[in-house]
Amino acid sequence: IYCSCKNEFGFEVNTRCCPICTGMPGTLPTLNEKVVEYAVKMGCALHCDINQVCKQDRKNYFYPDLPKGYQITQARTPIGVHGYVEIEDDGEIKKIGIHDIHLEEDTCKSVHTKESALLDFNRAGVPLLEIVSDPDIHSPQEAMLYLEKLRELLLYSDVSDVKIEEGSMRCDVNVSVSKTDQLGVRAEIKNVSSIAAVGMAIASETKRQIALLESGGVQEEETRRYDEVKDETILMRKKETGNDYRYFPEPDLPFVTISDAWIEEVKNSMPM
């Protein structure tokens with residue numbers, strides 16, 4: 001997204017990387033125009049309003065897979081907002097709201113062995129188009145239908161090959177339970193491996209949260225992972241808040257201006 005390294009899967013580790021995507025001091029990013037075009041195309045496919053003036057932001061956190069110590073993302077001016085996806089469940093059409101879609105860079109890939117943790121920088125800097133849904137999904141079945149529809153739209157609009165096994169479509173799941181219309185405290189389940197596993201992870205996490213609350217416990221914001229063998233979610237870490245990330249405008253990248261003519265050009269290039 002910010003350098004000229006090839007976005008290819010399956011090559012020898014650390015052969016598709018450069019000083020920019022490895023976060024070397026003094027390097028400067030350059031935004032890939034094609035990535036913005038794909039984002040506009042996805043925004044149109046999801047019935048989003050396109051923000052025609054966008055800024056990139058820095059999201060600061062310190063994990064081994066993020067060598068710069070920050071991730072370039074879009075916190076305040078996502079490229080698309082207020083969209084929706086229609087799913088059909090037992091003959092009924094339901095709209096799932098799209099809160100926003102935003103651009104960001106991927107981190108390098110962590111590979112864990114018994115002795116150590118290894119890092120593959122081939123994935124660092126790969127363009128991500130994050131699609132954030134509104135809390136309109138109320139069952140594992142609806143979540144899976146929503147993801148199937150998203151996968152279909154991404155594939156047929158030629159934005160992504162959506163190969164889940166290669167990581168070109170990934171999913172994080174936020175789950176909360178409540179007896180009222182008020183949203184409960186959510187847990188985020190990271191990098192669920194398949195659409196079917198999303199359904200299983202939601203069912204498992206729902207049971208866990210209900211059991212916790214009914215026994216007098218308190219659900220905290222946290223990040224978890226889903227173990228398919230055990231059919232349970234496992235705590236990874238307590239959830240950071242927005243303040244922890246210390247978002248501020250990315251000083252090394254200018255504003256992106258998307259003209260009406262460019263939006264029309266993208267719309268006209270889309271398949272039926």
Side-chain angles (χ1 to χ4, degrees), residues 1-36 38-39 54-79 101-132 160 163-172 188-193 222-225 234-256:
I1 186 170
Y2 300 118
C3 67
S4 58
C5 290
K6 287 190 174 182
N7 180 6
E8 295 177 300
F9 178 80
F11 282 81
E12 185 179 352
V13 298
N14 295 323
T15 58
R16 295 295 184 272
C17 53
C18 72
I20 292 176
C21 55
T22 54
M24 295 297 164
T27 55
L28 291 171
T30 303
L31 180 58
N32 185 332
E33 183 180 354
K34 196 72 177 177
V35 175
V36 179
Y38 281 151
C54 302
K55 188 77 176 84
Q56 314 291 99
D57 299 286
R58 284 192 184 181
K59 178 182 182 180
N60 297 271
Y61 61 91
F62 297 93
Y63 295 142
D65 61 1
L66 195 69
K68 295 197 297 284
Y70 62 87
Q71 179 191 43
I72 304 176
T73 183
Q74 289 181 315
R76 297 179 176 88
T77 55
I79 205 160
I101 61 174
H102 59 267
L103 293 170
E104 60 186 25
E105 59 181 335
D106 209 347
T107 61
C108 60
K109 183 178 181 180
S110 301
V111 181
H112 300 284
T113 69
K114 289 182 179 179
E115 293 79 24
S116 60
L118 307 173
L119 299 176
D120 179 5
F121 282 88
N122 286 357
R123 200 180 74 179
V126 165
L128 296 180
L129 179 58
E130 183 157 310
I131 302 168
V132 183
S160 171
K163 294 179 179 177
I164 296 174
E165 68 279 5
E166 294 184 4
S168 55
M169 181 176 175
R170 302 204 295 275
C171 181
D172 299 334
E188 182 179 28
I189 307 164
K190 299 290 285 186
N191 295 332
V192 186
S193 61
E222 55 193 23
T223 301
R224 306 181 71 86
R225 67 177 179 85
I234 297 166
L235 178 67
M236 294 171 65
R237 59 183 180 270
K238 296 298 179 183
K239 185 74 175 169
E240 293 89 345
T241 66
N243 289 338
D244 293 329
Y245 290 131
R246 294 184 292 116
Y247 288 106
F248 63 87
E250 169 55 59
D252 291 334
L253 288 165
F255 281 79
V256 176

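Fair warning: this is a prediction, and the values are worked out from it, not measured in the lab.
Proximity of R76 to K55: side-chain heavy atoms (C-beta onward) are nowhere separated by under 4.5 Å. No side-chain heavy atom of K109 sits under 4.5 Å from any side-chain heavy atom of D65. No side-chain heavy atom of D172 sits less than 4.5 Å from a side-chain heavy atom of E130. I20 places none of its side-chain heavy atoms less than 4.5 Å from the side chain of E105. Between R16 and V126 the shortest side-chain heavy-atom distance does not fall below 4.5 Å.
When atom types are taken as modelled, the side chain of T22 and the backbone of C17 share no donor-acceptor pair closer than 3.5 angstrom. No donor-acceptor distance shorter than 3.5 angstrom exists from the side chain of D106 to the backbone of A124, with no hydrogens or angles considered. Put simply, the side chain of N122 never gets that close to the backbone of F9: no donor and acceptor are under 3.5 Å apart. Looking only at distances, a side-chain donor or acceptor of Q74 sits under 3.5 Å from a matching main-chain atom of L103. In this structure a side-chain-to-backbone donor-acceptor pair under 3.5 Å is present from S168 to K163.
The 12-atom threshold is not exceeded at CD of E12, counting heavy atoms of other residues, nucleotides or ligands nearer than 6.0 Å. Within a 6.0 Å sphere centred on CD of E33, heavy atoms belonging to other residues, nucleotides or ligands number 12 at most.
A salt bridge is defined here as a Lys NZ or Arg NE, NH1 or NH2 lying under 4.0 Å from an Asp or Glu carboxylate O, and K238 with D244 fails to meet this definition.
Side-chain contact check for Q56 and Y2: at least one donor-acceptor pair (N or O, by modelled atom type) lies under 3.5 Å.
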